[in-house]
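Here's the structure we're looking at; comments come further down.
Along the sequence shown, residues carry numbers from 1. Note that ligands are numbered from 1 as they come in the structure, with each ligand's atoms numbered from 1 the same way.
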Amino acid sequence: MLLELSHVAAAYGPVQVIEDVSLTVPEGGAVGILGANGAGKTTTLRAISGTVRVPRGSIQFEGRDIRGKRPEEVAALGIAHVPEGRGTLGNLTVQENLRVGAYLRKDRAGIESDIAFIRELFPHLARRYASNGSALSGGEQQMLAIGRAFMARPKLLVLDEPSLGLAPSTARDVYAAISRLRTETGISMLVVEQNANLAFSVVESAVVLETGRSVLSGATAELRGNDEIRRAYLGG
Ligand SMILES: Nc1ncnc2c1ncn2[C@@H]1O[C@H](COP(=O)(O)OP(=O)(O)OP(=O)(O)O)[C@@H](O)[C@H]1O
Ligand SMILES: [Mg+2]
């Protein structure tokens, strides 16, 4: 397994909001996390990234225990996290944001070809290449945040609700690009999403969180056939 969470609990100070979350991401796989508002999806990603306290459970990345590691250590091991609400650097240009994403890399030719790939993947961004991050639309900022995370060439790309706040057609564009990113580079992904139709366009399996617990997981085909999942996450 690339990533394995086993009975993870997570807390903000004394307040434990994740009780018992288990999930796995296979090498080369893409996995979704579904769940209602407040279920603990973002906190689960923060537990992986090392930005929240994890009092119980184990988190293994490539067979190595990463629980309790600092965020920059986790990033250096190959996990790139695109947080909820994007997190681009507003006072840097699109180009500078992409280069910041690659700051740990030494392979200049690889960096240039990856930038060319991102520009081709997100034509909107290519047109705004010299603009500041803060001048971009919400959809463009999401694209830039994904592009910047990819520029680190992580082994695992972690995306927190990439469709949040976007018009439906923009959300579909973003997901089409995520899907291409995945099929053309084979990068592994862990994707939090409330819109299961979008998530299922990219992931092969998903886990459902309810009030801080993983309550169900399965292949997307199996989850599509589940009445409860259909009602709650697939719009009937
Ligand atoms: N910084 C924080 N301090 C204290 N409690 C928090 C903090 N952030 C989140 N929580 C609480 O933790 C619980 C889980 O929140 P989390 O953000 O992980 O949910 P989520 O599934 O990502 O929800 P959403 O779909 O709204 O993004 C919620 O009850 C929330 O109020
Ligand atoms: Mg969230």
Side-chain angles (χ1 to χ4, degrees), residues 3-25 30-59 66-71 74-75 79-88 138-139 141-146 148-149 156-168 170-172 174-175 178 189-203 205-218 220 223 226 228-235:
L3 178 74
E4 186 156 16
L5 272 65
S6 189
H7 303 294
V8 166
Y12 296 101
V15 187
Q16 188 167 308
V17 298
I18 295 280
E19 301 289 338
D20 185 1
V21 170
S22 297
L23 65 86
T24 55
V25 180
V31 175
I33 301 180
L34 305 175
N37 290 118
K41 304 180 299 297
T42 294
T43 306
T44 298
L45 300 189
R46 287 183 182 147
I48 297 164
S49 301
T51 53
V52 71
R53 198 164 61 82
V54 180
R56 273 188 289 115
S58 90
I59 305 179
I66 61 164
R67 172 180 131 169
K69 285 202 184 298
R70 284 180 289 114
V74 175
I79 299 180
H81 185 166
V82 179
E84 209 171 30
R86 288 122 208 177
T88 54
Q141 285 187 32
Q142 185 63 64
M143 292 170 196
L144 179 56
I146 295 167
R148 190 178 71 160
L156 178 68
L157 187 59
V158 175
L159 304 173
D160 195 350
E161 295 207 49
S163 74
L164 192 71
L166 304 184
T170 308
R172 281 194 298 276
V174 166
Y175 265 85
I178 294 170
M189 294 184 177
L190 180 61
V191 185
V192 162
E193 187 54 70
Q194 285 199 47
N195 180 333
N197 283 309
L198 286 175
F200 288 2
S201 69
V202 171
V203 303
S205 69
V207 50
V208 177
L209 300 194
E210 277 174 16
T211 57
R213 295 171 185 275
S214 43
V215 293
L216 182 67
S217 67
T220 52
L223 295 175
N226 178 311
E228 248 177 88
I229 299 289
R230 270 219 296 272
R231 270 196 302 273
Y233 305 109
L234 290 163

Considering only protein heavy atoms, determine whether one is less than 4.0 Å from atom 30 (C) of ligand 1.
no

closest protein heavy atom to atom 14 (C) of ligand 1 is G38 O, 3.4 Å

Specify side chain, backbone, both or neither for V17, according to which of its non-hydrogen atoms lie closer than 4.0 Å to ligand 1.
side chain

Assess G35 for proximity to ligand 1: is some non-hydrogen atom of it under 4.0 Å away?
no

Atom indices of ligand 1, in the order listed, that fall short of 4.0 Å to a heavy atom of A36
21 (O)

pair F200-L34: side-chain heavy atoms closer than 4.5 Å:
yes

Looking only at protein heavy atoms, which one is nearest to atom 17 (O) of ligand 1, and how far off is it?
T42 CB, 3.6 Å

Identify the protein heavy atom lying closest to atom 15 (O) of ligand 1, giving its residue, its atom name and the separation to 0.1 Å.
T43 OG1, 3.7 Å

Is a side-chain N or O of S22 found less than 3.5 angstrom from the main chain of H7, in a donor-acceptor match?
yes

Closest approach of any protein heavy atom to atom 27 (O) of ligand 1, naming residue and atom:
E84 OE2, 2.5 Å

Within the 4.5 Å heavy-atom criterion, are L216 and I229 side-chain neighbours or not?
yes

Non-hydrogen side-chain atoms of V174 and P162 separated by less than 4.5 Å
yes

List ligand 1 atoms under 4.0 Å from A39, heavy atoms only on the residue side.
19 (O), 21 (O)

Flag the pair V82 / Q142 as yes when at least one side-chain heavy-atom distance between them is below 4.5 Å, and no otherwise.
yes

Donor-acceptor pair, distance only, cut-off 3.5 Å: does the side chain of R70 make one with the backbone of G50?
no

L164 and Q194, any side-chain heavy atoms less than 4.5 Å apart
no

Within-4.5 Å side-chain heavy-atom neighbours: L190 and L23:
yes

Is any N, O or S atom of T42 under 2.8 Å away from the Mg ion (ligand 2)?
yes

Which protein non-hydrogen atom lies closest to atom 26 (O) of ligand 1, naming both residue and atom, and how far is it?
N37 ND2, 2.9 Å

Among protein heavy atoms, which sits nearest to atom 25 (O) of ligand 1, and what does the distance come to when rounded to 0.1 Å?
K41 NZ, 2.7 Å

Give me the residue, atom name and distance of the protein heavy atom closest to atom 9 (C) of ligand 1.
Y12 CE1, 3.5 Å

Ligand 1 contact by G212, heavy-atom criterion under 4.0 angstrom:
no

Is any side-chain heavy atom of L3 closer than 4.5 Å to a side-chain heavy atom of I59?
yes

N/O/S atom of E84 inside 2.8 Å of the Mg ion (ligand 2), strictly under:
yes

Taking A36's backbone N and O only, do any of them form a donor-acceptor pair with K41's side chain (distance below 3.5 Å, no angle check)?
yes

